[in-house]
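The sequence lines fix the lettering, A, B, ..., with proteins before strands; numbering per chain opens at 1.
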Amino acid sequence: MKKSHIIALGIIAVAIAIIISTVGDASTYVGFSEAEQVAKEGSTKSMHVVGSLKKDASGNFAGMVYEPSVDPNHFEFIMIDSLNYESKVVYNQPKPTDLDKSEKLVVVGKMDLENKCFKADQILLKCPSKYNNQNGLEAEAPAKAVSMK
Amino acid sequence: MKKTWWKILCVVLLFYTIIRGLIGIVPRQPILNETIRNVYFHVPLWFGMMTLMTASMWFAIKYLRNGNIQDDEYSVEFANVAIFFGILGFMTGSLWGQYTWGDWLPKDPKIIAVEVGLLIYSSYFILRSSFEDEQRKARLSAIYNIFAFATFIPLVWILPRLTDSLHPGNGGNPAFGKYDMDNAMRMVFYPAVIGWTLLGVWITSLHIRLRIIERVSSN
């Protein structure tokens, strides 16, 4: 084996090690309680939390605040994680389009213990996984028209 | 004619995929919107890659059994084109992710797994180029090929399912029904899978022929 090949193989091994170590701390999905635990330990690394938006009995989103006229870069909502813990999420950027229609979302950020909320740096939207029209926009359209009245 | 029918089929299917895929009717879905058409390109590229990788491992085993250098040539070229398809699948996926999830490369378990998998395969090519002796090179790389395939399958297809993922159908235990498409989409999706796979085999066959010509002419 030539020296350059050993170096190249070494670089790949290091790259794999780096990628795997990022899996180990940041990328695995956690719940809010675990994110809080991590924040209490004083760690500032960002966590990925999967969850869905909280809805109240009438189907509206509970606790969602977005008033572009007041502050276009402040958006907050309540998210329920996969273990049924809920938390307020604050996102200091404009509200992502189509967020209301997302089945599930991933918030990336950390727990803010002082304000008792989750400070998100990024919001990722999970796409619908049924590729047919049953739950699509067309099925939704009539319901919207009723609510307009 | 005997040997060209599948090439004609490949061209026809891919033209059909591109035309029907871009102008055909697709379900209207929030967030996805028109990007849903990428399912005809992104997903079949991965399917094609898996077929090519399996073929590559098959010829690696065959080489180890009989020591025929031609099997090694088949194996390396299948791996070559498989990785090319993998990179294309990665790129189409990244583009798709930006316009739906909202990030080019989120730290998603499946994406990370595929990055590692492709890196493992890329060291296969470095390993190959580091040996001078033909038989030794072929034998060691055939063994590595089997190892790479055996790590790729659990890494990319099993582990991401055990955790949550942005990819549809992960974080659960779905069958093929995860692509819950309507019939109009299936009519494009299945031909697309066959078409892209055939294209991969076609490219590979040309590479193999070139390689054999080079070997014969250098002797």
Would one find more than 12 heavy atoms of other residues, nucleotides or ligands at under 6.0 Å from atom CD of B:Q135? yes
side-chain contact (heavy atoms from CB on, under 4.5 Å), that's the test. Do A:V106 and B:D108 meet it? Break it down for me. CA-CA 10 Å; A:V106 177; B:D108 185 75; over 6 Å; no
Distance, nearest 0.5 Å, that separates CG of B:L166 from CG of A:L124: 5.5 Å
For B:I31 and A:L125, the nearest pair of non-hydrogen atoms, with its separation, is CD1-CB, 4.1 Å
Does atom OH (B:Y74) have a neighbourhood of more than 12 heavy atoms from anything else shown, all under 6.0 Å? no
Euclidean distance, A:D98 CG relative to B:L32 CG, rounded to 0.5 Å: 9.5 Å
Exceeds 12 heavy-atom contacts within 6.0 angstrom, atom CZ of B:F84: no
Grab the two heavy atoms, one from A:Q122 and one from B:G102, that are nearest each other, plus how far apart they are. NE2-O, 4.1 Å
Which one, B:I120, B:V26, B:I36, leads in non-hydrogen pairs under 4.5 Å with chain A? B:I36
Minimal non-hydrogen separation, A:K126 against B:H167, with atom names: NZ-O, 3.9 Å
Tell me whether the count of non-hydrogen atoms from other residues, nucleotides or ligands lying under 6.0 Å of CZ in A:F61 goes above 12. yes
Non-hydrogen atoms of chain A under 4.5 Å away: do they reach the side chain of B:T35, the backbone, both or neither? neither
Atom OG of B:S122 and atom CD1 of A:I11: how far apart are they, to the nearest 0.5 Å? 11.0 Å
Looking only at heavy atoms, which two atoms of A:C127 and B:T100 are closest? And how far apart? SG-CB, 3.6 Å
Which answer fits B:L119, side chain, backbone, both or neither, if we ask what part of it has an atom under 4.5 Å from a heavy atom of chain A? both
What residue, out of B:S129, B:G97, B:P106, has the most heavy-atom pairs lying under 4.5 Å from chain A? B:S129
Can you tell me how far the CD1 atom of A:I123 sits from the CG atom of B:D103, to the nearest 0.5 Å? 12.5 Å
How about B:I158: does its CD1 atom have over 12 heavy atoms from other parts shown lying under 6.0 Å from it? yes
